[in-house]
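Taking it in order: structure first as structure tokens, then the write-up.
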2 protein chains.
Amino acid sequence: MYRLYDYPPSGNGYKVRLLLSQLAIPFDYVAIDILKGETRTPEFLAKNPNGRIPLLEREPGHYLAESNAILFYLAQGTPFWPADPLAQTQVLSWMFFEQYSHEPNIATPRFWLCHVPKLNAYQDMALPYKQEQGYQALAVMDQHLAHHQYFGAGQYTIADIALYAYTHVAPEGGFDLSRFPHVGRWLQDVTAQPNHVPITQTRF
Amino acid sequence: MYRLYDYPPSGNGYKVRLLLSQLAIPFDYVAIDILKGETRTPEFLAKNPNGRIPLLEREPGHYLAESNAILFYLAQGTPFWPADPLAQTQVLSWMFFEQYSHEPNIATPRFWLCHVPKLNAYQDMALPYKQEQGYQALAVMDQHLAHHQYFGAGQYTIADIALYAYTHVAPEGGFDLSRFPHVGRWLQDVTAQPNHVPITQTRF
């Protein structure tokens, strides 16, 4: 059985939990407290030298890192990953957008504002810059969603899962989602998918 | 014929140029000056709403964004993309590592130090933080390369192209690569691949 190492509030971990739920794949769950440095212990670094969750133990002693790569792995042969290479490319394009333009600017403010007791000087200075970049990413999403129901391939895919994870909790990072009506419509469509689970649910 | 919109010093653009060279695929090259705001014009934003290069026009009026997604597209059916789904996942895992843990911390200091005339207060404060994170990414790479010739699948793949692009010019961002002997060995192995071209070469 798969074993997922995860920090329960993590949107990156939630991506994997959500897809596992929607594929009806059971898994063991190991909660890791990143605030206590539990991803930086020698024991965890032996599992993932990059010291990050989520980490999927696909077989005992064999691990997969990077949330979006884990989604790719789990989605093979399912409707969450389209069959056409061009459609696959569009899905991956949005998933790289998510990790480069979206997550560092939307997830990081949420983490700083909700999980870090007191911001250091760098965080204080970086926060408005990240929020400005985050709003740009949300605007790019809204523009796409004005003309498309989902992000890739005309169907609900792992691109939607990747982008949903931190978008739907963006208000926790100080973002006003009411500015983006198409994003709001899409969030509802994602939530209505079969076997959707909330970010707060770590076991099912 | 493909048309590549690119900023010539860009490592992200270089990834695409390098793979096109190694696949012997001809292409038109359109140089875009990001310092002059040429990715933020209405004309360019109509091509890529995220306002970034590289952008591949695969057919007139049809565009692919995100360097690593473009690599995935071009590599289909070639030895640069392995056939096994688990090996594919490892390749993508390193490519997401590149966009999340590596590029923002290694490429951005290079851009700031080599291309921005004067750093603003945010950049001044962020630079040492990014360099520290960049060194951590290089250490993760070095640890992997101590036991593997390449990043994915036991062969040279688009994961190596993605990571090579900004690693080999990391000294321009203030990084001392002599601390990472396995990275140094790997850089030589990548350079020795057939049809390798340098980052300064935009047409061939």
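Residue numbering restarts at 1 for every chain, and letters A, B, ... go by the order of the sequence lines. Given the structure is predicted, the values throughout are model-derived calculations rather than measurements.
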Interface moiety of A:Ala121 toward chain B, non-hydrogen atoms closer than 4.5 Å:
both

Could you measure the distance from the CD atom of B:Gln99 to the CZ atom of A:Phe97? Nearest 0.5 Å is fine.
12.5 Å

Below 4.5 Å from any heavy atom of chain A, which atoms of B:Tyr129 appear? Answer side chain, backbone, both or neither.
side chain

Intermediate values then yes/no, side-chain contact (heavy atoms from CB on, under 4.5 Å), B:Gln76 and A:Thr89
CA-CA 10 Å; B:Gln76 294 305 298; A:Thr89 303; 5.8 Å; no

So which heavy atom on A:Ala65 is nearest to which on B:Ser93, and how close?
O-OG, 2.9 Å

Supply the atom-to-atom distance B:Tyr100 OH to A:Arg52 CZ, rounded to the nearest 0.5 angstrom.
5.5 Å

CE on A:Met95 to CG on B:Asn68, rounded to 0.5 Å:
12.5 Å

Aromatic ring centroids of A:Phe96 and B:Phe96 under 6.0 Å?
yes

Parallel, tilted or perpendicular, judged at 30° and 60°: which one describes the rings of B:Tyr122 and A:Tyr122?
parallel

So do B:Asn50 and A:Gln136 actually touch side chain to side chain, heavy atoms under 4.5 Å?
no

Ranking A:Ser101, A:Pro104, A:Ala137, A:Pro85 by heavy-atom pairs under 4.5 Å to chain B gives rank one to A:Ser101

Which answer fits B:Gln88, side chain, backbone, both or neither, if we ask what part of it has an atom under 4.5 Å from a heavy atom of chain A?
both

Would you mind reporting whether A:Arg58 and B:Leu86 have side-chain heavy atoms less than 4.5 Å apart?
yes

Check each atom of B:Gln143 against the heavy atoms of chain A and say whether the ones under 4.5 Å are side chain, backbone, both or neither.
side chain

